[in-house]
Amino acid sequence: MDMQTLLLSFLFVSILHVHTTSSTGTENFDASRLDTYIVRVRPPPNFSVDMSNIKLEKWYRSFLPPRMTSSNTCQAFIYTYKTTIFGFSVNITEAEKDYVMNNNGVLKVYKDSLLPLLTTHTPDFLGLRLREGSWKKTGMGEGVIIGVLDTGIDFTHTSFDDDGMQEPPTKWLGSCKSSLMKCNKKLIGGSSFIQGQKSAPPTDDSGHGTHTASTAAGGFVDGASVFGNGNGTAAGMAPRAHLAIYKVCSDKGCHVSDILAGMEAAIADGVDIMSMSLGGPAKPFYNDIIATASFSAMRKGIFVGLAAGNSGPSSSTLSNEAPWVLTVGASTIDRQMEALVKLGDGDLFVGESAYQPHNLDPLELVYPQTSGQNYCLFLKDVAGKIVACEHTTSSDIIGRFVKDAGASGLILLGQEDSGHITFADPNVLPVSYVDFPDATVIRQYINSSNSPTASIIFNGTSLGKTQAPVVAFFSSRGPSTASPGILKPDIIGPGVNVIAAWPFMEGQDANNDKHRTFNCLSGTSMSTPHLSGIAALIKGTHPDWSSAAIKSAIMTTAYVVDNQKKAILDERYNIAGHFAVGAGHVSPSEAIDPGLIYDIDEAQYISYLCGLGYTDVQIEIIANQKDACKGSKITEAELNYPSVAVRASAGKLVVNRTVTNVGEANSSYTVEIDMPREVKTSVSPTKLEFTKMKEKKTFSLSLSWDISKTNHAEGSFKWVSEKHVVRSPIAIF
């Protein structure tokens, strides 16, 4: 549904907009106290969808403090918005903010904030192979446009060549905004939105955006590696999809006003998929600009993939919890860049490092310790030695300090929270990152030995030897705080030691050309573009599917066992719960043909928001619809979501779900239930018979348990046919 259809024809501002008589707060104006605010307003009545930007900006300007109303509009506003929200961003004082907020027609005033970025073998690990399987069936995302909102892109990188690409679809309305940007049939558009500076090219000055863009839709590049490790053919998840780049972040982070401007442009340009590896703390959706703008994207049929956050493993640490977006957690793959540590007592440990120059023979091993700080940043007397350092800050920073102090090698000691997860970050000297259990033994050896020694032996890249996927310790966990009755995260995907494109930047320590063009990074920033690319494969195969349908396909076909056919584990090698994995690990080959889908339309999302107890104004902020709750209200559990979450204190739950047949026209599905014995579970009917495509069937799920005995339970139910398994997780918490 088009958000702009809510607008009607324009009348004079003097008739439509009435100011209150509060003080302007500008009598003692102090320019040094200016802050950026985002002002969310109602569209005036009688606007039309073809109203000019000049008239809209005139309306917006009527909300400004008096000192700004006579100034040039371009100088007054940082951005104006009309697609994601109605409103604008502007630099004003706190007193002026109060003045603006007291105007009739203003729904909300947000202070701008800075959100963090949530920072080759993965296609093969996911079963994506050239000339077979999902890539062959889907056309590798051909004709689909992925909008990446990040730090920009290195548009000269070979991952973004357009060999074999078709022209972008005719619906594409974007362009390369700068003559300095090189565009082609792969990279079809680019814009920069950094604190209002829109004329610059979206050049990537940090590398993050190049990495995420190539993960989603980079082309085939042979011989990709980091310092010769992880060598193989690099490719994104949807190598034939088009890319549109919106630079909304710098290496310092992402201003919400810039993100909103980038989303505004992406929607107007006509992207199909929006991928954002960023996010902040959870908050009610009406206070969450990204959730609000994503609602507008959903309304336009755009799929939005967002990072779950890097604040794990603690519970309720998620970012981006709205049910109309896909919230993506991170997990490992089965590749290791082995850097062995051999102690003087003969113990051998397998660590990791992407930089593997030469083996280190046994050298004196030192372990600088002090309370309250990382002593490896203040080293003395370590020349020619191997230093063991706690991994409490960036491995690159530690490596530089250790190298500058004259040390020959470095052992990075994993922390308790990190469990068995290891990183293979590039470094500047011989290094091995060991996990927490191995680090504990190494510490004990150092503290108990009079003359500890160690050697580092580089063993290259191994595939398939490690248990995978394992949930990354940093991957944020549920339950959701904004909406606990929606099971989040939705899915997990590769997010540890991901090799993807990297821009060469002046001053970087590059000892060979391969490192200049590829890098190894970890984070939910890395898992998110994997899922956005997979969504593009689904969209290319099913162009008429809604964003909810694509999301359902991803979730209900996810797998919950690892490469050893055992339950997926967390970083401590305990079975990972639903609030760590969501529906499970993405399976692209299954997701493109899910059999059944759980679809959700805009009206049901609004009924769900009403059920959260939001006021009419709060829902208007999100949905741009007045008096929305005069219709039906539903609980969180009643939303037609592909998963189920309910508080243990409820004692029971009875909800309906509706599935749509997108598999074979004549098909039969039987329910299978996997729940703990203490939870009485039934589904009615137990069999679903379909005779045509797009036919819908509704069933009822009933759960009951003794609240005095059960405070947590997890399981699932699934609909099984001859060709499909459609699984939905259930969490009682």
Colleague: Please confirm whether the backbone N or O of K692 pairs with a side-chain atom of N661, one donor and one acceptor, at under 3.5 Å?
Modeller: yes
Colleague: For the pair E321 (side chain) and T481 (backbone), establish whether a donor and an acceptor sit closer than 3.5 Å, ignoring hydrogens and angles.
Modeller: yes
Colleague: Of all heavy-atom pairs between A713 and V679, which one has the smallest distance, and what is that distance?
Modeller: CB-CG2, 3.8 Å
Colleague: Between G523 and A330, which heavy-atom pair has the shortest distance, and what is it?
Modeller: O-CB, 4.1 Å
Colleague: When you look at NZ of K185, are more than 12 heavy atoms from neighbouring residues, nucleotides or ligands closer to it than 6.0 Å?
Modeller: yes
Colleague: What pair of heavy atoms forms the shortest contact from A645 to I486, and how long is it?
Modeller: CB-C, 4.3 Å
Colleague: Any donor and acceptor pair, going by atom type alone, linking the side chain of H530 with main-chain N or O of G493 inside 3.5 Å?
Modeller: no
Colleague: According to ring-ring contact (aromatic ring centres under 6.0 Å, His included), does anything in residues 290-309 pair up with another residue at least two apart or in another chain? List the pairs.
Modeller: F295-W324
Colleague: So, S607 side chain and A603 main chain: donor-acceptor pair closer than 3.5 Å or not?
Modeller: yes
Colleague: Does some side-chain heavy atom of Q467 sit less than 4.5 Å from a side-chain heavy atom of N563?
Modeller: yes
Colleague: Out of curiosity, M140 CE to M165 CE, how far, rounded to the nearest 0.5 Å?
Modeller: 9.5 Å
Colleague: As an exercise, state the distance from CZ of F474 to OG of S522, rounded to the nearest 0.5 Å.
Modeller: 5.5 Å
Colleague: Could E602 and R299 be called an ion pair, given the rule that one side-chain N must be under 4.0 Å from one carboxylate O?
Modeller: yes
Colleague: Just by distance, do the side chain of S311 and the backbone of S476 share a donor-acceptor pair under 3.5 Å?
Modeller: no
Colleague: Distance from R727 atom CZ to D674 atom CG, nearest 0.5 Å?
Modeller: 8.0 Å
Colleague: I'd like to know if the side chain of T710 reaches the main chain of I707, judged simply by a donor and an acceptor atom lying under 3.5 Å from each other, with no hydrogens or angles considered.
Modeller: no
Colleague: Show your reasoning for whether side-chain contact (heavy atoms from CB on, under 4.5 Å) applies to M276 and D150.
Modeller: CA-CA 7 Å; M276 292 183 282; D150 212 293; over 6 Å; no
Colleague: Given T528 and L118, is the side-chain contact (heavy atoms from CB on, under 4.5 Å) satisfied, shown in steps?
Modeller: CA-CA 9 Å; T528 300; L118 301 171; over 6 Å; no
Colleague: Do any N or O atoms from the side chain of R647 and from the backbone of G485 form a donor-acceptor pair under 3.5 angstrom?
Modeller: no
Colleague: Can you name the closest pair of heavy atoms from G139 and R240 and give their distance?
Modeller: O-CB, 3.6 Å
Colleague: For the residue pair I267 and M274, what are the closest heavy atoms and their distance?
Modeller: CG1-CE, 3.8 Å
Colleague: Nearest 0.5 Å, please: how far is CD1 in I290 from OG1 in T84?
Modeller: 11.5 Å
Colleague: Is the shortest side-chain heavy-atom distance between S277 and P529 below 4.5 Å?
Modeller: yes
Colleague: Determine whether more than 12 heavy atoms belonging to other residues, nucleotides or ligands lie under 6.0 Å from atom CD1 of I575.
Modeller: no
Colleague: For the pair R477 and D570, find out whether any cationic side-chain nitrogen is under 4.0 Å from an anionic carboxylate oxygen.
Modeller: no
Colleague: Checking K488 side chain against A322 main chain: does a donor-acceptor pair fall under 3.5 Å?
Modeller: yes
Colleague: Yes or no on side-chain contact (heavy atoms from CB on, under 4.5 Å) for L487 and Y641, after CA distance, side-chain angles and deciding distance?
Modeller: CA-CA 9 Å; L487 178 54; Y641 213 66; 5.5 Å; no
Colleague: Is the shortest heavy-atom distance from the side chain of C629 to the side chain of Y614 under 4.5 Å?
Modeller: no
Colleague: Test T660 against K696 for side-chain hydrogen bond (donor to acceptor under 3.5 Å, both in side chains), laying out the working first.
Modeller: CA-CA 4 Å; T660 304; K696 296 180 184 293; 3.0 Å; yes
Colleague: Working to the nearest 0.5 angstrom, can you tell me the gap between M237 CE and L537 CG?
Modeller: 8.5 Å
Colleague: Hey, what do you get for CE (M555) to OG (S728), rounding to the nearest 0.5 Å?
Modeller: 7.5 Å
Colleague: Given side chains that start at C-beta, do those of S547 and V304 come closer than 4.5 Å, heavy atoms only?
Modeller: no
Colleague: Side chain of T327, backbone of N320: donor and acceptor closer than 3.5 Å?
Modeller: yes
Colleague: Considering residues, nucleotides and ligands other than K171, do more than 12 of their heavy atoms fall under 6.0 Å from its NZ?
Modeller: yes
Colleague: Could you check whether any side-chain heavy atom of W545 comes within less than 4.5 Å of a side-chain heavy atom of I538, counting everything from C-beta outward?
Modeller: yes
Colleague: Hey, does H242 have a side-chain heavy atom less than 4.5 Å from the side chain of P169?
Modeller: yes
Colleague: Per the side-chain contact (heavy atoms from CB on, under 4.5 Å) rule, which among V662, D544, D599 passes with K694?
Modeller: D544
Colleague: Identify the two heavy atoms, one from P594 and one from I592, that lie closest to each other, and give their separation to 0.1 Å.
Modeller: CD-C, 3.7 Å
Colleague: Considering only heavy atoms from C-beta outward, does the side chain of Y246 approach that of I259 to under 4.5 Å?
Modeller: no
Colleague: Any side-chain heavy-atom pair from I600 and L639 closer than 4.5 angstrom?
Modeller: yes
Colleague: Check for me whether the distance between the ring centres of Y669 and F699 falls short of 6.0 Å.
Modeller: no
Colleague: Applying side-chain contact (heavy atoms from CB on, under 4.5 Å), run through Y559 and E590 and close with a yes or a no.
Modeller: CA-CA 9 Å; Y559 59 83; E590 303 296 330; over 6 Å; no
Colleague: Do T670 side-chain atoms and V720 backbone N/O form a donor-acceptor pair below 3.5 Å?
Modeller: no
